[in-house]
Chemist: 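This is the structure, below, for whatever I ask next.
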Amino acid sequence: MSKLLIANWKSNKTPQLATDWCNSFSAKIPEGTTVVVAPSFSLLSTVERSLPDSVLLGAQDVSQMPMGSYTGAINAQQLQAHDVSYVLVGHSERRKYFHETNQDVALKIQQLVTNNLIPVLCLDEEYIDSQADALESRDIPGLVVAYEPLAAIGSGNNAPVDEVTRVAEKIKQTFGDVPIIYGGSVDERSVREYLMVTDGVLVGGASLDAAQFAKVVEASV
Ligand code: PGA
């Protein structure tokens, strides 16, 4: 079964560091596995130029507004022009530090769908129902849901696999048979056990170093 591995660089790296990463990332990507790198907006051009062909470009967020007079916003059409494919929305860091609401996230998903981009909806368990209620429709083309328990993010305390299995089931009951990925302190030691019960992983800290992320990718089979 095909698996999705997304590197979320968060607010890290300069153009030079991003180029170095791309030039040194040389993982043997297992057959049927899709690898995506999601850099900051300001690094999209740099990464687009230097990323190996076998890796797709992603983004960490998108504006809920279309193109227009919205100072500081990066819209879905602009992401599409960079050949972005997968776009994270509703990450807990966006909800916590930038006060994003379920309603904002619903609008972002609409923008992505309109522009043929794939939404990766990040959710902790407590948001499953309220986020689903905020969406105009639960039937979202291409939707991927990332289960991201708050306590597991950046903490080294990755969630127990049986918890991931239980919540993935709940997500499927709410959103239908969508691909579900897990994020929260995934590394090369834990990746395989999560891939036994999910369709992929979202990797933060362990994706920042190209050699370490290559180990995560190669340990996924
Ligand atoms: P982490 O981040 O791997 O550093 O826990 C995951 C995420 O927040 O997407």
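For the numbers below, each heavy atom of this structure counts, side chains included, while hydrogens, waters and symmetry mates do not. First listed ligand is number 1; within each ligand, the first listed atom is number 1. Please read all numbers here as calculations on a predicted model, not as lab measurements.
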Chemist: Taking 4.0 angstrom as the limit and counting only heavy atoms of Gly184, give me the atoms of ligand 1 inside it, by number and element.
Modeler: 5 (O)
Chemist: State the atoms of ligand 1, each with its element, that fall below the 4.0 Å cut-off from a heavy-atom position in Gly154.
Modeler: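 So the answer, numbered in order with elements, is 1 (P), 4 (O), 5 (O).
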Chemist: Can you confirm, on distance only, whether ligand 1 has an N/O atom lying under 3.5 Å from any N/O atom belonging to Lys10?
Modeler: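 Looking only at distances, the answer is yes, because the N/O contact criterion of under 3.5 Å is met.
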Chemist: What atoms of ligand 1 come within less than 4.0 Å of a heavy atom belonging to Leu202?
Modeler: 9 (O)
Chemist: Please work out, at 4.0 Å between heavy atoms, whether the side chain, the backbone, both, or neither of Ile153 comes within that distance of ligand 1.
Modeler: both
Chemist: If you measure from each heavy atom of Ser185 to ligand 1, is any distance below 4.0 Å?
Modeler: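 Yes, Ser185 has a heavy atom closer than 4.0 Å to ligand 1.
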Chemist: Within the 3.5 Å criterion, strictly below it, is a donor on Ser130 or Asn102 matched to an acceptor on the partner's side chain?
Modeler: yes
Chemist: Which residue holds the protein heavy atom closest to atom 6 (C) of ligand 1, what is that atom called, and what is the gap in Å?
Modeler: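 Answer, as residue, atom name and distance: Gly204 N, 3.7 Å.
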Chemist: Does a donor on one side chain sit under 3.5 Å from an acceptor on the other, for Tyr182 and Asn158?
Modeler: no
Chemist: Give a yes-or-no answer on whether the side chains of Thr101 and Asp104 include a donor-acceptor pair shorter than 3.5 Å.
Modeler: yes
Chemist: Would you check the N or O atoms of Val203, main chain and side chain alike, for any that come under 3.5 Å of an N or O of ligand 1?
Modeler: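 No; every N/O pair is 3.5 Å or more apart.
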Chemist: Distance under 4.0 Å to a non-hydrogen atom of Gly205: what atoms of ligand 1 satisfy this?
Modeler: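 Near Gly205, the atoms of ligand 1 are 1 (P), 3 (O), 4 (O).
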Chemist: Atom 9 (O) of ligand 1: which protein heavy atom is closest, and how many Å away?
Modeler: Glu148 OE2, 3.1 Å
Chemist: Just wondering, are more than 12 heavy atoms of other shown residues or ligands nearer than 6.0 Å to CD in Glu136?
Modeler: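 Counting neighbours around CD of Glu136, 12 or fewer heavy atoms of other residues, nucleotides or ligands fall under 6.0 Å, so no.
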Chemist: Which of the atoms of ligand 1 are close to Ala152, meaning less than 4.0 Å from one of its heavy atoms?
Modeler: 5 (O)
Chemist: Just to be sure I read this right, does ligand 1 sit under 4.0 Å from the backbone of Ser207, its side chain, both, or neither, counting only heavy atoms?
Modeler: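 Neither; no heavy atom under 4.0 Å.
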Chemist: Just checking, any donor-acceptor pair under 3.5 angstrom between side chains of Gln212 and Glu188?
Modeler: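 Their side chains do contain a donor-acceptor pair, which is all the 3.5 Å distance test asks for.
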Chemist: Mark yes or no for whether Arg192, through its side chain, and Ala219, through its backbone, hold a donor-acceptor pair below 3.5 Å.
Modeler: no
Chemist: Geometry only, no angles: is Ser155 polar-contacting ligand 1 at N/O separations under 3.5 Å?
Modeler: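 N/O-N/O distance under 3.5 Å: no.
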Chemist: Ignoring angles and geometry beyond distance, decide whether Ala206 reaches within less than 3.5 Å of ligand 1 through its nitrogen or oxygen atoms.
Modeler: no
Chemist: Mark yes or no for whether Lys3, through its side chain, and Thr198, through its backbone, hold a donor-acceptor pair below 3.5 Å.
Modeler: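 Checked: pair present.
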Chemist: If you compare all heavy atoms of Ile74 against all heavy atoms of Gln78, which two are closest, and at what distance to 0.1 Å?
Modeler: CA-OE1, 3.4 Å
Chemist: Which atoms of ligand 1 are found less than 4.0 Å from any heavy atom of Asn8?
Modeler: 9 (O)
Chemist: Without hydrogens or angle criteria, can the side chains of Gln60 and His91 be said to hold a donor-acceptor pair below 3.5 Å?
Modeler: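 His91 and Gln60 do not have a side-chain donor-acceptor pair below 3.5 Å.
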Chemist: What are the atoms of ligand 1, with element, lying closer than 4.0 Å to any heavy atom of His91?
Modeler: 7 (C), 8 (O), 9 (O)
Chemist: Please say yes or no: joined through hydrophobic side-chain contacts below 4.5 Å, possibly via intermediate residues, are Val164 and Phe175 part of one cluster?
Modeler: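 In one cluster: yes.
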